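Just so it is clear, the structure is predicted and the values come from calculations on it, not from any experiment.
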Amino acid sequence: MAVSATDEADVAAAVRFAAGRGLPVAVRATGHGPVPGVDQGLLIDTRALSTVTVDPERRTATVGAGVPWARVLEKCAPLGLVPLCGSSPDVGVAAYTLGGGLGPLGRRHGWAADHARRVRLVTADGEAREITADTEPELFWAVRGGGGNFGVATELEFDLMPADALYGGGLYLPGESASELLAAFGRCTATAPDELSLSVAFLTFPDVDAVPAPVRGRFVAHLRVTHLGPAEGAERLIAPLRAVAVPLLDTVRPLSIDQLGTVHGDPTRPQPVSCGGAVLPRWDEGVIDVLLAEIGATTPHMLELRHLGGALARPLAMPDAVGHRDAGFNLFTSAYPGAGFSGAMAMQNELYRRLLPWSGGRAVYNFTARPDGRPADARGAFEAPVLSRLQAVKAAWDPQDLFRFTVTIPPAGTTNRADSDSPRTGTAPSRAPHEAGHGPSSVPVGGGTQYVGAVPAHPRRHAGPHPRGPRRHVRRAAGREPRPRAGGRPAAGHDADPNVR
């Protein structure tokens with residue numbers, strides 16, 4: 001069953017309807033990460049909650065739950081302000097932020113959740129609440145990093161950052177330079193200032209016309225560069241990386257704020273993927289040996305290594321629930337359907353098994369996923385004390401686990417991650433978001449052809465609405481509950497609980 005909410009009152013009525021009938025609730029906003037099979041539950045579509053207001057004096061933005069980052073970037077660009085968005089502007093603001101929010105400006109400004117000021121949240125009792133540090137401090141702590149486990153967000157207010165100079169883009173190097181590039185990447189990230197964010201992805205582009213000729217059919221190392229500051233300073237910092245090999249394609253240049261999404265050039269069209277993620281505590285040659293053994297021209301999945309640290313690791317004056325702040329790097333893998341898709345699932349699983357001595361099975365919340373699509377919960381996304389505190393908040397605000405179509409917070413007393421292999425009743429497969437997203441996490445989207453969308457041939461634009469599942473508008477008359485339409489298998493987005501990237 002599904003409903004399409006037109007405002008917060010509709011969301012509250014839908015939650016009351018679900019709670020009264022014992023139906024678990026899933027949420028779809030932008031639809032960036034579709035999840036198949038919301039069976040025996042209620043899907044609430046929030047994309048009509050699409051208002052965006054920017055206050056340049058306070059340097060804040062207030063957005064509805066259905067807003068993607070592209071619309072916020074467009075509003076902020078003329079004002080010289082930038083939101084802490086993810087690498088993909090098509091990801092929804094709400095799920096990305098609630099799951100922590102790891103973006104290309106994070107080393108300078110921290111996690112998106114760190115800068116949330118206010119959340120409008122419909123809780124499991126069907127009440128719409130203003131959640132702040134003053135009104136509900138414990139719940140406010142939990143929703144900033146704990147994902148969609150506590151209610152349906154209808155509106156968020158968050159800080160914006162000044163951005164006088166923004167420089168970045170992609171260096172597409174021959175994939176055969178992987179060993180030399182990773183060595184240079186390790187040296188560069190060891191001394192990088194907070195203003196510089198780097199990641200590198202290894203992938204093979206298909207030999208189709210949609211791919212720019214220099215990288216068409218090539219195994220490529222895509223170095224992503226984001227720098228807050230003048231071009232000269234950025235070029236000095238990345239000079240050792242440029243020296244590794246002559247780029248096949250170079251899009252590094254001064255950026256306008258609304259071009260921030262072109263740095264990673266993430267795909268824009270919906271498509272199922274097989275993906276996973278892990279955090280790594282520090283640069284380690286043993287890890288690099290494992291990665292170099294994994295990547296290659298015939299590897300059926302993309303592999304990305306993203307530098308963390310800086311403001312992402314610093315403690316906050318007003319703490320939130322974001323986990324693994326001390327991690328040094330984030331690893332993300334993703335495969336789109338193709339000849340090697342089924343093999344990519346097993347290959348990724350084996351990769352994460354080999355990385356266990358370093359990762360310990362941990363992942364950033366918005367990147368938590370199993371490549372084979374089996375349900376995953378949040379036990380690997382938080383340190384034990386944080387998880388215990390989140391479980392207490394969950395028990396207080398959602399004791400019936402109404403909001404469980406997400407990277408779920410498990411009941412207290414369950415500590416063995418292996419038991420998450422057994423699906424919980426009514427629970428959809430976990431998604432990764434990537435940034436997670438990528439967002440929790442939710443399954444990221446891909447282009448129509450494997451990896452085509454990763455090439456930013458032109459400045460990226462919002463791709464528009466994604467395919468919808470069955471829906472109907474809820475009735476808003478006083479005292480009337482929505483009557484969801486029965487049947488069908490609506491797809492929930494990661495924006496219920498981001499992976500967002």
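Judged by a 6.0 Å distance limit and a 45° cone about the ring axis, Arg144 is positioned over the six-membered ring of Phe140.
Of the listed residues (Thr123, Val152, Asn149), just one forms a side chain to side chain contact (heavy atoms under 4.5 Å, CB included) with Phe403, and that residue is Val152.
Ion pairing between Arg389 and Glu138 holds under the 4.0 Å rule for side-chain N and carboxylate O. Contact check on Asp134 versus Arg118 returns no salt bridge, with no Lys/Arg side-chain nitrogen under 4.0 Å from an Asp/Glu carboxylate oxygen. Between Arg16 and Glu127 there is no salt bridge, since no side-chain nitrogen of the basic residue lies less than 4.0 Å from a carboxylate oxygen of the acidic one. Salt bridge Arg325/Glu383: absent, no basic N to carboxylate O contact under 4.0 Å. Residues Arg370 and Asp372 are not paired through a salt bridge, judged by the lack of any N-O separation under 4.0 Å between the basic side chain and the carboxylate. Taking the charged nitrogens against the carboxylate oxygens, Arg59 and Glu57 have no contact shorter than 4.0 Å, which rules out a salt bridge. Taking a cutoff of 4.0 Å between a charged side-chain nitrogen and a carboxylate oxygen, Asp194 and Arg314 qualify as a salt bridge.
Relative orientation of the His222 and Tyr172 rings is parallel, given thresholds of 30° and 60° on the angle between their planes. Aromatic ring orientation, Tyr96 versus Trp69: perpendicular (interplanar angle above 60°, classes split at 30° and 60°).
Residues passing the side-chain contact (heavy atoms from CB on, under 4.5 Å) test with Ala363 are Thr368, sequence neighbours excluded.
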